Colleague: 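Shown below is the structure under consideration.
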Amino acid sequence: MNNVHQIPTRLLHILLVLALTVFGGFPIYWMATTALSLNSELYNSGQVPWPQLANLPSMIAELAQLPLMRWLMNTSIVAVGTTVLSLVLGALAGYSLSRFKFHGKGILGFLMFMTQVVPEALILVPLYAMFITLGLLNSLFGLVLANVGFSLPVAAFIIKGAIDAVPYEIEESAVIDNCPRISVLTMIILPIIAPSMAAAAVISFFAGWNEYLFAATFLMDRDLWPASVGLASFVGQYETPLSAVMAAALIFSLPAVVFFLLIQRKIVAGITAGAVKG
Amino acid sequence: MTEQTLLERPLAVPAYSARTSTARRRLNGLLPYAFVIPPALYLLVFMFWPLGKQIYLSLTRTRLANPNRSTFIGLRNYERLLDNPDFYTTLKITLIYSVMAVIVGVAVGLVAALALNRPFPGRTLVRGILLFGWAVPNVAAALVWLWIFNERSGILNTIVTGLGLERVSWLTSTEMALPSILLVTVWQVSPFVMLVMLAALQSVPEEVKEAAVVDGADKLNVFKSVTLPHILPTLQLVSLLVMVWSIRRFDIIYLLTGGGPVGSTSTLIVKLRQVAFENHDLGLSSAYGVVGLMLALSVAAIHALFNHRRQKMSSR
């Protein structure tokens, strides 16, 4: 009796997994397939629904027409800057929230939670006005400063959560020995929580890597465009070199996909921890 | 207390205790602030000052051409919102979009988590593929979905016409644009829901499930009376996150439809940008944004209230 029941459930399970895999994976498959198509096929004769490796040379030739290297260079600068600043400030905030009692601790926690609710677009115009005054408009450094406001709290929540799990006894003797607290943090605590620091680094890095709205608003100079703005400039254009654009989008996505898959569990823990505390 | 600390104490304390005077203790009291002030100041300057200024802008008449010259007009911009049918449409679209994103996104994510929670060959690979939508940058996602939705040569319409049906204007008709955007949104948020729910499902105690089976419960009953209550708090948290993210989402909507056609996908945040940069009206634009912020905050507040009540119930 039980066996008769089990076959349809197993079949249903397989079909469900199959459907989900198609839904989740198809857009990436299609990105690759489109990249390996000829533009004449895409716009006229119809797209071949599988990747044609024979078109790889023509795709590379077309890709060379896009300033992809410069875009990715700018993207990397923004991402690295966002990561460094987020980790330094996030470690300070995370350590204080975990270890210290101080006036305004609750307020700081609340404000950091607030940043996750505030839409980027809401502070866009005042930041723009402020950057004009400070001479930070049209500069990658200014873009980093804007990004860190959103990625610092996430990094801080992850780091706080990790430090909470470290027993205080480990740093106690160093504190009693009057070792400066900042050294306690950098030389004792941070090495212990290295995996969480790596997760915070990946999140900040890709927050900077993926960011679009600030970059599109603050950078007028085409030479400063990161890949997100460069690629988005093809949206709504006629005569897009579509296969090259898809290839570039794929290259732009690949690092994010690889790293997100590597640290998926840590990211989830960090984001939900920040939300729970609010 | 271990032997080691007993031995170390006498060495460490006398060496410094003479100098650990009141001055030093006062310095130690200030120590937390040396850590807290840099990040706190940073957030004040680059997040909350602009936010405050934006909220202030909503109380003024300010044009984009001259953003530093504002005339204070009190709540007039909000009165203008309430008199404007556009505002109600935008509010309605925001609510439909974010509620549907929660319902469909969380449902798909939960189903995916349940499907992946039982072993099958290639599970790790499938789990990786299901995460694509969450990992791919917004701009890249927008480009490929624009092509999938392309009216003339996109794959969706190739399939539709292959089935003998009429072409669908996925992103350019008022009926289809919002559902199309929701499809992309579900693709982007359901993997996150799946990850979180998978972690919650794996923490359901096996013994309780087994005990329920021994007591004669079938699979559906085990799910309803053991699994569901256990994962409910996580489900609620993840719904809150998806709701807040949907209210504040900008990139993907802006890139796919720009809020159109005829405002049919214009959420409060997309409208905020449009009124600022196309109508040059910073005051009114800010008012739209502030309403969006209030909406997101009230969702978070409702969640906090539920959480608080549940904690009180469980501590009793």
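So that the names make sense, note that chain A is the first sequence line, chain B the second, and so on, each numbered from 1. Because the structure is predicted, anything quoted here is derived from the model rather than measured. All heavy atoms count here, side chains included; hydrogens, waters and symmetry mates do not.
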Colleague: With side chain to side chain contact (heavy atoms under 4.5 Å, CB included) as the test, pick out the partner of S96(A) among V36(B), I37(B), L31(B).
Modeller: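 One option only clears the test, and that one is V36(B).
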
Colleague: Quick check on the interface: out of A300(B), P137(B), G292(B), who has the most heavy-atom pairs with chain A under 4.5 Å?
Modeller: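 Option with the top pair count is P137(B).
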
Colleague: Can you check whether I123(A)'s main-chain N or O pairs, donor with acceptor, with Q54(B)'s side chain at less than 3.5 Å?
Modeller: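 Absent.
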
Colleague: Can you tell me which portion of L297(B) sits under 4.5 Å from chain A's heavy atoms? Options are side chain, backbone, both or neither.
Modeller: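 For L297(B), the contact with chain A is made by backbone and side chain together.
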
Colleague: Flag the one option from F46(B), W145(B), W187(B), F250(B) with the top tally of heavy-atom pairs under 4.5 Å to chain A.
Modeller: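 Option with the greatest count: W187(B).
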
Colleague: Stepwise, does the side-chain hydrogen bond (donor to acceptor under 3.5 Å, both in side chains) test hold for W147(B) with Q47(A)?
Modeller: CA-CA 11 Å; W147(B) 178 236; Q47(A) 183 164 4; 3.0 Å; yes

Colleague: For the residue pair R127(B) / Q264(A), report whether a side-chain donor-acceptor contact shorter than 3.5 Å exists.
Modeller: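 Side chains of Q264(A) and R127(B): pair found under 3.5 Å.
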
Colleague: Check whether more than 12 heavy atoms from other residues, nucleotides or ligands sit under 6.0 Å from atom CD1 of I107(A), and answer yes or no.
Modeller: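 No, not enclosed.
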
Colleague: Would the distance check show the side chain of R181(A) and the main-chain N or O of F35(B) forming a donor-acceptor pair, the cut-off being under 3.5 Å?
Modeller: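 Here the side-chain-to-backbone pair does not exist.
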
Colleague: By a 4.5 Å heavy-atom criterion (distance strictly below it), what part of Y254(B) contacts chain A: side chain, backbone, both, or neither?
Modeller: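 The side chain, not the backbone.
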
Colleague: Verify, without hydrogens or angle tests, whether R152(B) (side chain) and Y43(A) (backbone) share a donor-acceptor contact under 3.5 angstrom.
Modeller: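 Such a contact is found between R152(B) side chain and Y43(A) backbone.
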
Colleague: May I ask you to decide if the ring planes of H103(A) and Y33(B) are parallel, tilted or perpendicular, using 30° and 60° as cut-offs?
Modeller: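 Parallel.
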
